[in-house]
Novice: 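Before anything else, here's the structure in question.
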2 protein chains.
Amino acid sequence: MGNEEWVPLVHRVPDLGALELLLAVARLGSLSGAAKHMGITQPAASSRIRAMEARLGVALVDRSPRGSTLTAEGALVTDWARRVVEAAEAFDAGAQALRGRRDSRLRVAASMTIAEYLLPGWLIALRGQRPGTAVSLQAGNSALVARRVLAHDADLGFVEGLTVPDGLDSAVIAQDRLVVAVAPEHPWARRTKGVEAAELASTPLILRERGSGTRQVLDAALAGCGGLAAPLLELASTTAVKAAAVSGAGPCVLSELALGDELAARRLVQVPVTGAALGRALRAVWPAGSRPAGPARDLLSLTRVRS
Amino acid sequence: MGNEEWVPLVHRVPDLGALELLLAVARLGSLSGAAKHMGITQPAASSRIRAMEARLGVALVDRSPRGSTLTAEGALVTDWARRVVEAAEAFDAGAQALRGRRDSRLRVAASMTIAEYLLPGWLIALRGQRPGTAVSLQAGNSALVARRVLAHDADLGFVEGLTVPDGLDSAVIAQDRLVVAVAPEHPWARRTKGVEAAELASTPLILRERGSGTRQVLDAALAGCGGLAAPLLELASTTAVKAAAVSGAGPCVLSELALGDELAARRLVQVPVTGAALGRALRAVWPAGSRPAGPARDLLSLTRVRS
DNA sequence: ATGAGGCCATAAACTGACTTTATGGGTAAT
DNA sequence: ATTACCCATAAAGTCAGTTTATGGCCTCAT
């Protein structure tokens, strides 16, 4: 992250409106159609696409008197643009949930990992099938989630701990797994067989602070190996942990959900672990006895793992 | 994708500059520091953050005379913003590679799936460790990649077929897997045991067009089960296939790389397949005999799977 | 062929969001 | 107290993106 000569991204990447416009052009097959879809005029769309092509230095669309189609490069750029726009949609879904504080119809409480990585996608899906639903979101640790749900301050909760808090019914919605990851230069990156649980337990690691769900699972999994060594670093956020590991400080342990991007980009390399169960269930929870109904049931059915 | 009343995303999501600024505030702990980092003045940063808070309806930062820290909601929003910015960085890395046509130092040819989903991440990593390297990218099917590499029009190629084209050396860089996915309402979504290869082979599927690497692997894997039934739909792009499957047209088969987002958001549900090997190796290729050197070697070492 | 209806490009005037410049008030450490 | 951070506010400036207005090109149906 810490580059010397940093030119802000904004000057090199078209803005979200332009990317969205490009997607519309790809889908509708014409600039004027895309313009209408976006609520702007045709010359505006033409100018924006042209500006984008100039900035990227590549022709994106083939214009013809009966429509516009993507060039080969345009198709590739559009695919990358789609990922940006989808991330923006997830941002929007989360932000909308965060905004609707008291008065909304479905109130959700979720642990950090779930709120960060899974909920935005679910909310997009929920909006797709029940467009009217207003959702509010409260994020915090498992104890907070349990308290909210029990007090009926939330209609549905999502937790990632090992145990279900008392007074709540639950359903497993996904399996998460803790993953050990190191920078590509780290000796562990070249290990064929990964590491034994005992070696992992005796190695100083980069971890989330004590009390986080992640830390709790790791403690429990390595209890049989003499417990965890003193941490190398203890950081407050997932991102800080990743950044430290990427910079080569040492091995880190995080949810595979949180490590997806880093592993795909090879900024970090996964190290297999033998002899310890690092899996954990992600659960939806609700007050014992009362089965979720209405919007809560809709969301639950979107997330529930079938088995 | 086809909503009735469509308000463009731009009006609901802050622009990339604002998101980037928010990340800078989170990292540096002050508005003025973030402003300097972004090359704007402190009042501009203050105003932008304020505008973003007003738009989202949530306080994002706690301002104090000795710095600004994120609120709890701000931390969550920042994590979502980070995903948008990372997607934008991937866009930029890809776009830069696309722009540098003839004259650049490292010329890469890659198949569509790899160019879409993996290369941008690798290029970000490459830029991180060799900032000066200019990369150009050509995307196409395996045959085109092979031709480019053989003709020394590309220094390094990436293919996803079953076989390595003649005259090329290769290294496996990752394992990909074809995944069968259906809309959550589809009967297969509730199957406990997934589907048998024979049943898959006899079911009309939504597929990429013949000749794509994906299609080729699927044909080969199901050859033993009497071959593939006539496709339900045959579409030209990964995105079109996903859209058709999401809308409930039927089961689709795509790379797990392409399906990541849809599976996480539960727009599609994965169906396990028994009795067929749907894995495939993703390979880097280069002219036989000549081991990659210089920037090509750097990129290769970033992507290579350790084993 | 000829007119109608698509599509896209260009030019000029307009608008507003974001910016800088300029200033003031607050806290903490020397 | 002085210095050095931090942030907020107000007013003036700037530029990208917009609309309005127009024209050219192609295809299809009459």
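Chain naming here is simple, since letters A, B, ... match the order of the sequence lines and numbering starts at 1 in each. This is a predicted model, so every value here is computed, not measured.
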Novice: Filter on salt bridge (Lys or Arg N to Asp or Glu O under 4.0 Å), then keep only pairs touching residues 34-43 of chain B, sequence neighbours left out; what's left?
Specialist: none
Novice: Between atom NE2 in B:His11 and atom P in C:dA17, what is the gap in whole Å?
Specialist: 10 Å
Novice: Expressed as a whole number of angstroms, how long is the span from A:Leu21:CG to D:dG17:C1'?
Specialist: 12 Å
Novice: Going from CG on A:Leu76 to CE on B:Met112, what distance comes out if it is rounded to the nearest 0.5 angstrom?
Specialist: 5.5 Å
Novice: Can you tell me how far P of D:dA16 sits from CG of B:Asp15, to the nearest Å?
Specialist: 15 Å
Novice: How would you list, by chain and number, every residue that makes a side chain to side chain contact (heavy atoms under 4.5 Å, CB included) with A:Asp261, sequence neighbours excluded?
Specialist: A:Arg267, B:Arg83, B:Glu86
Novice: Nearest-Å distance, CE (A:Met38) to C1' (D:dT18)?
Specialist: 13 Å
Novice: Can you check the B:Ile40 CD1 to C:dA17 P distance for me, whole Å?
Specialist: 17 Å
Novice: Identify all pairs in which a protein N or O lies below 3.5 Å from an N or O of nucleotides 7-10 of chain C, and state each distance.
Specialist:
from, atom 1, to, atom 2, distance (Å)
C:dC7, O4', A:Pro65, O, 3.2
C:dC8, OP1, A:Leu31, N, 2.7
C:dC8, OP1, A:Ser68, OG, 2.7
C:dC8, OP2, A:Leu31, N, 3.2
C:dC8, OP2, A:Ser32, N, 2.8
C:dC8, OP2, A:Ser32, OG, 2.8
C:dA9, OP1, A:Arg50, NH2, 3.1
C:dA9, OP1, A:Arg63, NE, 2.5
C:dA9, OP2, A:Ser46, OG, 2.5
C:dA9, N7, A:Gln42, NE2, 3.2
C:dA9, N6, A:Gln42, OE1, 3.4

Novice: Just how far, in rounded Å, is P of C:dA17 from CZ of B:Arg55?
Specialist: 10 Å
Novice: I need the CD1-C1' distance between A:Ile49 and D:dT18, as an integer number of Å.
Specialist: 15 Å
Novice: Would you please confirm or rule out a distance under 4.0 Å between OP1 or OP2 of C:dT20 and any side-chain N or O of B:Thr41?
Specialist: yes
Novice: Would you call the rings of A:Trp122 and A:Phe158 parallel, tilted or perpendicular, where under 30° means parallel and over 60° means perpendicular?
Specialist: tilted
Novice: State, to 0.1 Å, how close B:Met38 and B:Gly17 come at their nearest heavy-atom pair, and which atoms those are.
Specialist: CE-O, 3.7 Å
Novice: Out of B:Met52, B:Glu53, B:Arg48, which one pairs with B:Pro14 under the side-chain contact (heavy atoms from CB on, under 4.5 Å) rule?
Specialist: B:Met52
Novice: Could you state the atom-to-atom distance from CD of B:Glu53 to C1' of D:dC7 in whole Å?
Specialist: 13 Å
